[in-house]
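Worksheet for the structure shown next.
So you know, we letter chains A, B, ... as the sequences are listed, proteins then strands, and number each from 1.
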Protein chains: 2
Amino acid sequence: MKISELSRRTGVPVASIKYFLRQGLLPAGRATAATLAEYGDEHVQRLRLIKALTTLGGLSIAATRDVLGAVDQADSSEGALGAISYALPVPVAAQGAAGPEEEAEADESAAAEVAELLATLEWQAPDTSPHVLGLTAALKELRRLDARYGPGELAAYAALAESVARLDLERAVGVEDPVALAERAVIVFAICAPVFELLRRLAQENQVRRRVAGADADSTPPR
Amino acid sequence: MKISELSRRTGVPVASIKYFLRQGLLPAGRATAATLAEYGDEHVQRLRLIKALTTLGGLSIAATRDVLGAVDQADSSEGALGAISYALPVPVAAQGAAGPEEEAEADESAAAEVAELLATLEWQAPDTSPHVLGLTAALKELRRLDARYGPGELAAYAALAESVARLDLERAVGVEDPVALAERAVIVFAICAPVFELLRRLAQENQVRRRVAGADADSTPPR
DNA sequence: GTAACTGGATACTTCAAGTATCCAGCCGCA
DNA sequence: TGCGGCTGGATACTTGAAGTATCCAGTTAC
């Protein structure tokens, strides 16, 4: 099919498709002449995935390119799932240190807290993992805000996270084709995270409602 | 204190502080003369919160303004927690419909699925809640990607979300001062969400590692 | 008194994410 | 064979967010 039909079938404007081609998110079509190329169903599928990642997953174009790159490597290497996980943007950017001395101390103590958590849970992760670094940065900042996690609280969250991750993994098993598996993994990792966040918000809302109603029989819904 | 000291104490450049003042994120200092104003500890605290929300929480300036506005209303109204929850950006933007006919059908069926979930869990939420709308949009898109949740899977996630929300709420109780409570709630809602996401990623990584090791004794770490 | 600093307004910069325009080449149809 | 309308590709332009920088008149500490 030509670009105009690709556009019609996916609802993505032609100019945007060209943009994605330029950015390397979408492989070029099979050129049949100097000014003509043929696109296939795989382009439709890929375009849908791009749309889902950017709109639902909230990924930037650059992050989407990295993630899709990991997907395309997936047929060869076994660590595809890990590569995809690492390609996804970390929700907490580890910023550089500000104060030169007391910073280091806070940094170290947050790192120790993370290390202890990982040891307790018997989770393995390299110290250089972006997730470990992000977690450290977050704990440090929470401490500065006087809102650190109480003892055991972080472990309780981690235990729930493990349950969630188990569900995630279950959704991915049973897919045999490595490329399809990689795509499924991307969807589970990138799109189901916001879904869980929504569920959490709804649950919070409900608990607040229940608590308010229980406290003073005021059944006013939030706002 | 003057603006330069406020800058020194928080590490935020003077120009940025002025920007935040312009954007209404930070209340103006108490003017002592035409070109002089006095800032206090509350400005330091507020600035820290702004930094945490934008860098750790990933909020935009506009979202941060909305959230802080909800915090400032918190001393008066009771539904402060709900207002804050609604002021936070929804991770899934509900996009407008593309195709005029079959879209509506998919939309409806996704909405029905969400309604059923809420009914099963005995969660109450207005149909117009941004969280409900976002969830509907996400389910619709997942269906289009052939990656819908299996029966019961969504409920399983929701049950875990409820446990997480319970932990969230526990972290907020015990704070009496309404303003402090609102600030705590913002931190819990906006910053602990990324933290949980990090924990989930670490857990995923670990499960993948374990699974790979178990499957073929290949202990290669991801990437 | 004057150099350095301040608050406030306005202009400028940078980046991401598209959109729009232009151009030559090609396709189908008369 | 001619030709209007598409096509791929390159390049230029637009928009919005998030700061930065500059300017200016008032103030303050030495």
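- Atom pair A:Asp66:CG and C:dA16:P shows a separation of 13 Å (rounding to whole Å applied).
- Put simply, CG on A:Leu59 is 17 Å from C1' on C:dG18, counting in whole angstrom units.
- For the residue pair B:Glu205 and A:Gln124, no side-chain donor N or O sits within less than 3.5 Å of a side-chain acceptor on the partner.
- Within the nucleic acid shown, B:Ser60 comes within 4.0 Å of sugar-phosphate atoms alone, with no base atom in reach, counting heavy atoms only.
- Under 4.0 angstrom from either OP1 or OP2 of D:dA18 there lies no side-chain N or O belonging to B:Ser16.
- Taking atom CD1 of residue A:Ile50 and atom P of nucleotide C:dA16, one finds them 18 Å apart after rounding to whole Å.
- Contacts classified as ring pair (Phe, Tyr, Trp, His ring centres under 6.0 Å) and involving residues 181-209 of chain B (residues at least two apart or in different chains) are given here: A:Phe196-B:Phe196.
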Worked verdict on B:Val195 versus B:Leu56 for side chain to side chain contact (heavy atoms under 4.5 Å, CB included): CA-CA 9 Å; B:Val195 166; B:Leu56 293 184; over 6 Å; no

Measure all distances between protein nitrogen or oxygen atoms and nitrogen or oxygen atoms of nucleotides 7-10 of chain D, and list the pairs falling under 3.5 Å.
unit_1, atom_1, unit_2, atom_2, d
D:dT7, OP1, A:Ser4, OG, 2.5
D:dT7, OP2, A:Ser4, OG, 3.4
D:dG8, OP1, A:Ala37, O, 3.3
D:dG8, O4', A:Thr35, O, 3.4
D:dG8, N7, A:Lys18, NZ, 3.4
D:dG9, N7, A:Lys18, NZ, 3.2
D:dG9, O6, A:Lys18, NZ, 3.3

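- Summarising the geometry, the separation between OH on A:Tyr19 and P on C:dT21 is reported as 19 Å, rounded to the nearest angstrom.
- For residues 32-42 of chain A, there are no side-chain hydrogen bond (donor to acceptor under 3.5 Å, both in side chains) pairs, not counting sequence neighbours.
- Rounded to whole angstrom, the span from the CG atom of B:Leu25 across to the P atom of D:dA17 amounts to 13 Å.
- B:Arg200 places no side-chain N or O within donor-acceptor distance of the main-chain N or O of A:Val164, the cut-off being under 3.5 Å.
- If you take CD1 of A:Ile17 and P of C:dA17, they are 18 Å apart, rounded to a whole angstrom.
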Step-by-step side chain to side chain contact (heavy atoms under 4.5 Å, CB included) determination, A:Leu133 to A:Val90: CA-CA 10 Å; A:Leu133 294 176; A:Val90 178; over 6 Å; no

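- What separates CZ of A:Phe20 from C1' of C:dT19 is a distance of 12 Å, to the nearest Å.
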